[in-house]
Q: 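Please find one structure pasted underneath; my questions will follow.
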Amino acid sequence: NKAFDVHSVRKDFPILNREVKGHRLIYFDNAATSQKPQSVIDALVHYYTQYNANVHRGIHSLAEEATAAFEATRDAVKHFINAAAREEIIYTRGTTESINLVAYSWGRQHLAQGDEVIVSGMEHHSDIVPWQIVCEEKGAQLKVIPVNEQGELELEEYRKLLSSRTKLVAVNHVSNALGTVNPIQEIIQLAHAQGALVLIDGAQSAMHLDVDVQALDCDFLAFSAHKMLGPTGMGILYGKKHLLESMPVFMGGGEMIKEVTFEKTTYNELPYKFEAGTPNIADAIAFKPAIEYINTIGKENIRKQEDLLLQHATQRLKEIEGLRIIGDNDHKVSVVSFVIDGVHPQDVGILLDNKGIAVRTGHHCVEPLMQRFCIPGTIRASFAFYNTVEEIDLMVEALQKAVKILR
Ligand SMILES: Cc1ncc(COP(=O)(O)O)c(CNc2co[nH]c2=O)c1O
């Protein structure tokens with residue numbers, strides 16, 4: 001990978017030239033959604049201006065060009081996560097839909113009265129609620145791996161939760177609220193030793209960490225394009241081929257069928273069996289340049305820059321009196337969640353926005369985790385490789401002023 005220069009990288013992201021309320025935008029809400037390089041934006045415009053057409057089955061040139069581009073992303077994703085086969089890459093609308101697909105298809109087929117699904121205490125609602133729905137329906141139980149004071153999973157408690165009743169473990173690789181990186185290799189090995197499958201919620205790790213599904217040996221992996229420089233409304237479910245082949249279809253309609261009669265319908269092969277209706281063609285196509293951009297920058301450069309930002313932010317934020325970092329541990333990606341004594345997170349968020357600084361405040365769709373820390377929510381600053389140390393210093397300066405105003 002060529003030498004990393006954040007200032008030349010920033011030129012690839014047009015939105016970073018934006019001003020907000022008279023200040024240059026400082027975008028620190030990357031865990032919510034990342035910004036998009038010009039190549040992704042261009043891919044969307046190029047599709048709609050040059051070869052917009054519906055995919056598969058079409059015999060005219062535009063349809064063939066659209067299909068080729070649509071399927072090229074599948075190959076790019078396969079290589080990006082080192083899947084064994086392109087049929088293991090299912091297009092969805094995002095992490096949430098990917099997890100729901102497994103809960104409704106695999107869950108309904110395999111969960112029964114008394115079975116158990118293990119999730120962690122730091123899961124996003126999209127990796128809790130689908131399991132609650134299917135467990136309630138089937139009479140299965142949801143078990144929760146506790147989180148310690150440093151925002152890490154309690155692995156000893158996980159070991160105790162595992163039993164012959166455990167059918168599936170669903171955990172996030174990285175916490176969106178804290179930034180904690182979970183030891184998923186160990187979690188997967190322990191689950192497999194009990195005969196349980198594992199779904200990894202990779203929404204917050206796919207851009208920041210190397211994810212090799214064959215090395216991990218995870219059974220399912222879910223992630224979203226928009227968290228990794230790609231468009232919204234586009235996500236991936238990776239599943240081991242033999243599992244996806246054995247699972248019942250999720251949504252019915254066009255594309256996912258082989259033949260329809262009123263007496264009986266036969267279904268399409270993987271991956272199309274799980275891709276009903278006209279797909280999100282443009283965003284699927286524009287996901288490929290996002291992956292190519294990450295590959296060009298290189299995960300090592302991304303990791304180095306984001307670690308630098310994380311360390312600097314952690315050190316500078318601790319200078320602020322009354323500020324407490326939630327999930328202060330040494331295995332995180334570039335997310336810092338914090339509370340400030342005597343100050344409501346939302347008020348801080350508003351004052352930072354007045355300086356052009358975008359952070360997220362609230363429960364971040366992980367309410368059980370906020371309850372565990374007995375807080376209504378946090379201020380979350382989440383960085384990406386296109387952010388700078390100088391931006392962090394400006395945020396700290398604005399925070400110090402905000403605290404004086406609000407206290
Ligand atoms: C760990 C995790 N899992 C699942 C999801 C759902 O992804 P989606 O289906 O693409 O929405 C998110 C989105 N997290 C956030 C969305 O906005 N702020 C966040 O922290 C997430 O961070």
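As the structure lists them, so they are numbered: ligands from 1, and atoms in each ligand from 1.
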Q: Could you tell me the residue and atom name of the protein heavy atom closest to atom 22 (O) of ligand 1, and the distance to it rounded to 0.1 Å?
A: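 Nearest neighbour among protein heavy atoms for atom 22 (O) of ligand 1, to 0.1 Å: Q204 NE2, 2.8 Å.
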
Q: Can you tell me the protein heavy atom closest to atom 20 (O) of ligand 1 and the distance?
A: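 Residue, atom and distance for the closest contact: R380 NH1, 2.7 Å.
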
Q: Is the shortest distance from a heavy atom of D201 to ligand 1 less than 4.0 Å?
A: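 In this structure, D201 qualifies as a contact of ligand 1 - some heavy atom is under 4.0 Å.
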
Q: For F383 together with F28, are the ring centres under 6.0 Å from each other?
A: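 Yes: the rings meet the under 6.0 Å criterion.
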
Q: Please list, in number order, the atoms of ligand 1 under 4.0 Å from a heavy atom of H226.
A: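 It comes down to these atoms of ligand 1: 8 (P), 10 (O).
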
Q: Taking the six-membered ring for Trp, are F70 and H56 parallel (under 30°), tilted (30 to 60°) or perpendicular (over 60°)?
A: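 Perpendicular: the ring planes of F70 and H56 meet at over 60°.
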
Q: Would you check whether S224 has a nitrogen or oxygen atom less than 3.5 angstrom from a nitrogen or oxygen atom of ligand 1?
A: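 N/O-N/O distance under 3.5 Å: yes.
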
Q: Suppose we measure from atom 17 (O) of ligand 1 to each protein heavy atom; which comes out shortest, and what is that distance?
A: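 The answer is A32 CA, 3.5 Å.
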
Q: Write out the residue and atom name of the closest protein heavy atom to atom 11 (O) of ligand 1, then the distance separating them to 0.1 Å.
A: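 Result: T96 OG1, 4.0 Å.
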
Q: Could you check whether F13 and Y293 have their ring centres less than 6.0 Å apart?
A: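 Distance test on ring centres: under 6.0 Å, yes.
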
Q: Heavy-atom contacts with N176 under 4.0 Å: which atoms of ligand 1 show up? List them by number with element.
A: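 Here the atoms of ligand 1 in question are 19 (C), 20 (O), 22 (O).
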
Q: Could you check whether the rings of H110 and W106 sit parallel, tilted or perpendicular, using 30° and 60° as the cut-offs?
A: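 If you compare the ring of H110 with that of W106, the planes turn out parallel.
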
Q: So, regarding K227 and ligand 1 (criterion: nitrogen or oxygen to nitrogen or oxygen, under 3.5 Å), is there a contact or not?
A: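 Min N/O separation from ligand 1 is below 3.5 Å for K227.
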
Q: Is the count of non-hydrogen atoms from other residues, nucleotides or ligands lying under 6.0 Å from K404 atom NZ greater than 12?
A: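 Count not over threshold, so no.
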
Q: Suppose I only count heavy atoms of S126 and a 4.0 Å limit; which atoms of ligand 1 are within that range?
A: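 Ligand 1 atoms under the 4.0 Å threshold to S126: 3 (N), 4 (C), 5 (C), 6 (C).
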
Q: Looking at H364 versus H125, is the centre-to-centre ring distance below 6.0 Å?
A: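 Between H125 and H364, which both carry aromatic rings, the centre distance is not below 6.0 Å.
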
Q: Output yes when K78 and E88 qualify as a salt bridge under the 4.0 Å nitrogen-oxygen rule, no when they do not.
A: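 No, K78 and E88 are not salt-bridged.
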
Q: Is the closest heavy atom of A31 to ligand 1 under 4.0 Å?
A: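 It does; at least one heavy atom falls under 4.0 Å.
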
Q: Can you tell me which residue and heavy atom of the protein come closest to atom 7 (O) of ligand 1, and the distance to 0.1 Å?
A: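 Going by distance alone, atom 7 (O) of ligand 1 is nearest to T95 CB, 3.6 Å.
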
Q: Taking only heavy atoms of A203, which atoms of ligand 1 are found under 4.0 Å from at least one of them?
A: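 It comes down to these atoms of ligand 1: 2 (C), 3 (N), 4 (C), 21 (C).
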
Q: Less than 3.5 Å between some nitrogen or oxygen of E97 and one of ligand 1, yes or no?
A: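 So ligand 1 has no N or O lying under 3.5 Å from an N or O of E97.
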
Q: Go through the steps for T67 and E64 under the test side chain to side chain donor-acceptor pair (under 3.5 Å), then give the verdict.
A: CA-CA 5 Å; T67 300; E64 282 166 1; over 6 Å; no

Q: Between N54 and T278, do the side chains contain a donor N or O and an acceptor N or O under 3.5 Å apart?
A: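 A pair is found: one side chain offers a donor N or O, the other an acceptor, under 3.5 Å apart.
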
Q: Regarding atom 21 (C) of ligand 1: of the candidates M122, R360, M234, H124, which has the closest heavy atom?
A: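 That would be H124.
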
Q: Can you see whether D393 engages H312 through a side-chain donor-acceptor pair at a distance of less than 3.5 angstrom?
A: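 On atom types as modelled, these side chains qualify, holding a pair under 3.5 Å.
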
